[in-house]
Amino acid sequence: MMTADEYIALVLDRLPRDIPMRQQIAMELRAHIDERVRQGRPLAEVLGQLGDIEKLAESYVAAIPREPMSFGDRAAAKLIDIGIALLPAIALALLVSPRGTQLYGMFVCVALLGCPILMLYTIVAEANIDRTVGKGVMGMCVIRETGTRIGAGQSIVRQLPWLLQIFWIDAFFALFTERHQREFELLSKTRVVRVHTQEAAS
């Protein structure tokens with residue numbers, strides 16, 4: 001049976017990492033559960049009444065304003081991430097390319113290695129910490145449209161345009177959608193927003 005601590009941890013895990021009220025939410029949940037248990041209700045019943053973990057997390061973030069990022073800021077973040085992905089791609093290209101490889105051949109090798117590195121790096125970063133280095137530098141993070149954290153599946157869908165080689169078409173959508181969302185962000189029900197800081201919340 002799930003413990004109160006495990007339930008609270010699961011709720012917090014679904015909240016964006018920049019949310020300024022994580023500790024307050026944890027204390028409120030703990031107080032609510034403890035009060036019901038002291039009244040003699042079984043813990044399983046109390047947790048069941050609190051409902052679905054994802055829905056509960058969504059209710060906590062529903063009132064938090066989320067500002068979409070401009071196309072320019074998003075492009076700058078992507079350029080930073082491309083630069084980060086190119087470093088190991090160049091190193092690998094130098095290792096695997098035969099001596100005397102022409103500049104064009106080296107460029108092709110770096111491009112072929114850089115794309116999967118960029119995809120993997122972005123998927124892992126967004127699924128685990130809500131942002132890549134580039135997004136962090138530009139003060140943005142990735143969330144579900146409901147406001148909670150994205151999962152690995154959504155992170156993978158977000159990167160499919162790079163695999164399908166349609167990233168320019170996908171990025172073009174961000175110029176015309178209300179929240180500057182790419183086509184595959186609409187498909188994955190995710191969006192990129194400005195990081196919600198403590199200062200903004202006060």
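What's counted below: heavy atoms across the whole structure, side chains too, no hydrogens, waters or symmetry copies. Bear in mind that the values here come from a model prediction, so they are computed numbers and not experimental data.
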L12 CG to I8 CD1 distance, which is reported to the nearest 0.5 Å: 7.5 Å

Distance, nearest 0.5 Å, that separates CD1 of I150 from CG of D130: 7.0 Å

Heavy-atom closest contact (V124 atom, N128 atom, distance): O-ND2, 2.7 Å

Over 12 non-hydrogen atoms of neighbours within 6.0 angstrom of CD in Q23: no

Side-chain (Q159) to main-chain (I123) donor-acceptor, under 3.5 angstrom: no

Salt-bridge criterion met for E185 and R74 (N-O under 4.0 Å): yes

Nearest non-hydrogen partners of C115 and W162, listed with the distance: SG-O, 3.8 Å

Transitive ILVMFWY side-chain link M119 to L87, under 4.5 Å: no

Minimal non-hydrogen separation, G134 against I80, with atom names: CA-CG2, 3.7 Å

Closest non-hydrogen atom pair, A89 against L113: O-CD1, 3.7 Å

Closest heavy-atom pair and its distance - D170, E183: OD1-N, 3.0 Å

Validation row: P68, V192 side chains within 4.5 angstrom (heavy atoms): no

C141 backbone acceptor or donor facing R17 side chain under 3.5 Å: no

Pairs flagged by ring pair (Phe, Tyr, Trp, His ring centres under 6.0 Å) wherever residues 133-152 is involved - sequence neighbours left out: none

Verify same cluster id: L50, L10 (apolar side-chain graph, 4.5 Å): yes

T190 side chain to E145 side chain, donor-acceptor N/O pair below 3.5 angstrom: no

Any donor-acceptor N/O pair, R149 side chain to R144 backbone, under 3.5 Å: no

CZ on F184 to CZ on F167, rounded to 0.5 Å: 13.0 Å

Heavy-atom check, side chain of T148 versus side chain of I143, under 4.5 Å: no

side-chain contact (heavy atoms from CB on, under 4.5 Å) evaluation trace for L29 with I25: CA-CA 6 Å; L29 272 174; I25 292 170; 4.2 Å; yes

Value rounded to 0.5 Å, distance of CD1 in I19 from CD in Q24: 9.5 Å

Value rounded to 0.5 Å, distance of CD in Q39 from CG in D34: 11.0 Å

Side-chain ion pair, R131 and E126, N-O less than 4.0 Å: no

R191 and V142: CA distance, side-chain angles, deciding distance, side-chain contact (heavy atoms from CB on, under 4.5 Å) verdict: CA-CA 6 Å; R191 51 188 293 224; V142 184; over 6 Å; no

Which atom of A85 lies closest to which atom of G114, heavy atoms considered: CB-O, 4.2 Å

Check against side-chain contact (heavy atoms from CB on, under 4.5 Å), I84 and D81: CA-CA 5 Å; I84 290 171; D81 291 328; 4.2 Å; yes

Single-linkage hydrophobic cluster, 4.5 Å side-chain cutoff, I129 and M140 together: no

Side chain R66, main chain V193, donor-acceptor under 3.5 Å: no

Hydrophobic cluster identity match, I166 and L187, side-chain contacts under 4.5 Å: yes

Check: R158 main-chain N/O paired with R182 side-chain donor or acceptor under 3.5 Å: yes

Derivation of the side-chain contact (heavy atoms from CB on, under 4.5 Å) call for Y7 and V46: CA-CA 11 Å; Y7 184 89; V46 175; over 6 Å; no

Same apolar cluster (I L V M F W Y, side chains within < 4.5 Å links), L164/L118: yes

Check: D18 side chain, V195 main-chain N or O, donor-acceptor pair, under 3.5 Å: no

Non-hydrogen side-chain atoms of T122 and S155 separated by less than 4.5 Å: no

Spacing of R14 atom CZ and T146 atom OG1 [to the nearest 0.5 Å]: 11.0 Å

